[in-house]
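Working notes for the structure below.
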Amino acid sequence: MPWLEKPFFEHPTLDLAGMLLGKIFVRRLECGLELRGRIVETEAYLGRGDEACHAWRGRTERNAMMFAEPGRLYVYFTYGNHYMLNIVSEPESIAGAVLIRAMEPVSGNSFMQDRRSTTLFTNLMSGPGKLTQAMAIDRSCNGRSLFDGEFSMETSLELPPEAIGTSTRVGITRSRNLPWRKFIIGNLHVSKAKVSG
DNA sequence: AGCGTGATCTTT
DNA sequence: AAGATCACGCTG
């Protein structure tokens, strides 16, 4: 399948979040092994007017990559345990990114099972912290480009619009009313929203 | 439902 | 310098 070039990532962040559903995120390891996952859940984050966005008050050392040109990876560490994978969007100097929240494993299954210490298919990449662990993505991946050979994004069959669901974002406290989460309806790898009450 | 875990950011 | 927060996952 052809890989997506820079113009694809130049779409507005809110559009890109939906357009990334169904696409295949690829990592080629030094040893030759290819890890592939089909994106099934995303969230949009924008610097302006979005208090849940790391960059809402401007540039810091951590969030600097959100201001880079589209098509780079923004990877950060949180909760003392987990790395989060984002695809940078918006033109250079404007903060924006799409958080990859869940993927369906496509290849590299045994590597992922090893990393995750489980064989359960639906527990390999069904959350933002899980998928980075499965694909061995850490802070050293921050700033890497999707056009340099190691990482890439491949096209796939188009999803019909009715397959895409929308909701508010998961796990945030500020700006929680914005409907900036996108997911493939009924997909078994979509992360479980925490039920409150 | 509760807690581990540590970097980052805000407030003193 | 100290305190609060955190785009989460695991065990109960």
Side-chain angles (χ1 to χ4, degrees), chain A residues 9 12-21 23 25 37 39-68 70 72-90 94-105 112-144 165-184 187-197:
Chain A
F9 301 92
T13 304
L14 297 183
D15 295 340
L16 189 61
M19 295 168 69
L20 281 170
L21 293 177
K23 301 299 188 290
F25 177 79
I39 297 171
V40 301
E41 179 184 353
T42 62
E43 284 176 0
Y45 287 85
L46 276 172
R48 288 164 56 124
D50 176 12
E51 296 194 3
C53 178
H54 288 166
W56 75 283
R57 274 187 282 200
R59 187 190 297 252
T60 68
E61 190 171 355
R62 175 178 67 164
N63 69 30
M65 193 52 57
M66 290 193 87
F67 294 82
R72 287 190 184 272
L73 307 185
Y74 169 46
V75 179
Y76 68 91
F77 182 70
T78 191
Y79 285 107
N81 290 294
H82 308 294
Y83 297 97
M84 301 286 122
L85 171 66
N86 296 256
I87 309 300
V88 175
S89 57
E90 300 297 318
I94 297 179
V98 175
L99 172 69
I100 308 301
R101 277 197 61 88
M103 293 195 270
E104 175 180 325
M112 295 180 189
Q113 289 174 344
D114 218 43
R115 295 268 317 165
R116 292 277 303 135
S117 303
T118 178
T119 57
L120 185 61
F121 190 50
T122 53
N123 199 22
L124 295 179
M125 296 209 281
S126 53
K130 297 178 186 180
L131 67 90
T132 54
Q133 184 182 30
M135 284 201 169
I137 288 167
D138 61 20
R139 236 169 23 175
S140 70
C141 303
N142 186 46
R144 299 301 299 272
T166 299
S167 79
T168 55
R169 294 173 295 180
V170 175
I172 57 170
T173 56
R174 293 166 289 162
S175 301
R176 65 171 62 169
N177 54 320
L178 298 173
W180 289 0
R181 172 173 177 254
K182 296 282 177 181
F183 57 96
I184 298 180
N187 187 280
L188 293 174
H189 298 79
V190 171
S191 72
K192 314 257 184 270
K194 288 198 174 174
V195 287
S196 65

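Throughout, protein chains are lettered first and strands after them, A, B, ... in sequence-line order, and every chain is numbered starting at 1. Note that the structure is a prediction, hence the values are computed from the model and not measured. What you see below is based on every heavy atom in this structure, not just the backbone, and it leaves out hydrogens, waters and symmetry mates.
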Between C/dC6 (C1') and A/R176 (CZ): distance, integer Å: 14 Å

A/M112 side, atom CE; A/L124 side, atom CG - distance, nearest 0.5 Å: 7.5 Å

Interatomic spacing from CE in A/M65 to NE2 in A/H54 - rounded to 0.5 Å: 14.5 Å

In this structure, how many angstroms lie between the C1' atom of C/dT11 and the CG atom of A/N81, rounded? 13 Å

Hey, does A/R174 reach any base, or is it just sugar-phosphate, or nothing, if we go heavy atoms under 4.0 Å? sugar-phosphate

Applying side chain to side chain donor-acceptor pair (under 3.5 Å), can you list everything that pairs with A/T166, at least two apart in sequence or on another chain? A/K182

Roughly how far, to the nearest 0.5 Å, is the CG atom of A/N123 from the CG atom of A/L188? 12.5 Å

Tell me the interatomic distance from A/R115, atom CZ, to C/dG9, atom P, rounded to whole angstroms. 14 Å

Here the distance between atom C1' of C/dC6 and atom OH of A/Y83, to the nearest Å, is 15 Å

Measuring from atom CZ of A/R144 to atom CZ of A/R72, what distance do you get when rounded to the nearest 0.5 angstrom? 9.5 Å

Which residue in the set A/R176, A/R174, A/R169 passes salt bridge (Lys or Arg N to Asp or Glu O under 4.0 Å) when paired with A/D50? A/R169

Backbone N/O of A/R139 and side chain of A/N142: donor-acceptor pair under 3.5 Å: no

Grab the CE-P distance between A/M84 and B/dT8 for me, whole Å please. 14 Å

Using centres under 5.5 Å plus planes under 30 degrees as the test, is A/Y79 stacked with B/dG6? no

Find the distance A/H82:NE2 to B/dT8:P and express it as a whole number of Å. 16 Å

C/dC6 OP1/OP2 closer than 4.0 Å to side-chain N/O of A/T173: yes

Let me confirm one number: the CD-OG distance from A/E41 to A/S167, rounded to the nearest 0.5 Å. 7.5 Å

Does a nitrogen or oxygen in the side chain of A/R169 sit under 4.0 Å from OP1 or OP2 of C/dC6? no

N/O donor-acceptor pair, side chain A/Y76 with base C/dA7, under 3.5 angstrom: yes

Among residues 53-64 of chain A, which ones have heavy-atom contacts with DNA chain C below 4.0 Å? A/H54

Identified stems (criterion: three or more consecutive Watson-Crick or G-U pairs, under 3.5 Å), DNA chain B: B:1-4 with C:8-11, B:6-11 with C:1-6

Quick check on C/dC8: is either OP1 or OP2 less than 4.0 Å from any side-chain nitrogen or oxygen of A/R101? yes

Mind running a 4.0 Å heavy-atom check of residues 119-136 of chain A against DNA chain C and sending the residues that fall below it, in number order? A/G127, A/P128, A/G129, A/K130

Could you check how far OH of A/Y45 sits from P of C/dC6, rounded to whole Å? 11 Å

Would you kindly give the CZ-to-C1' distance between A/F77 and C/dT5, to the nearest whole Å? 14 Å

Atom pairs and distances, donor-acceptor, side-chain atoms in residues 79-87 of chain A, under 3.5 Å, two or more places apart:
{"from": "A/N81", "atom 1": "ND2", "to": "A/Y79", "atom 2": "O", "distance (Å)": "3.0"}
{"from": "A/N86", "atom 1": "ND2", "to": "A/Y74", "atom 2": "O", "distance (Å)": "3.2"}

Locate the shortest heavy-atom distance separating A/L131 from A/M125; write the atom from each residue and the value. CB-CB, 3.8 Å

With A/E104 via salt bridge (Lys or Arg N to Asp or Glu O under 4.0 Å) - residues at least two apart: A/R38

Drop me the distance from A/Y45's OH to A/T13's OG1, to the nearest 0.5 angstrom. 12.5 Å

Closest to the side chain of A/R116, out of C/dG9, C/dC6, B/dA7, is C/dG9

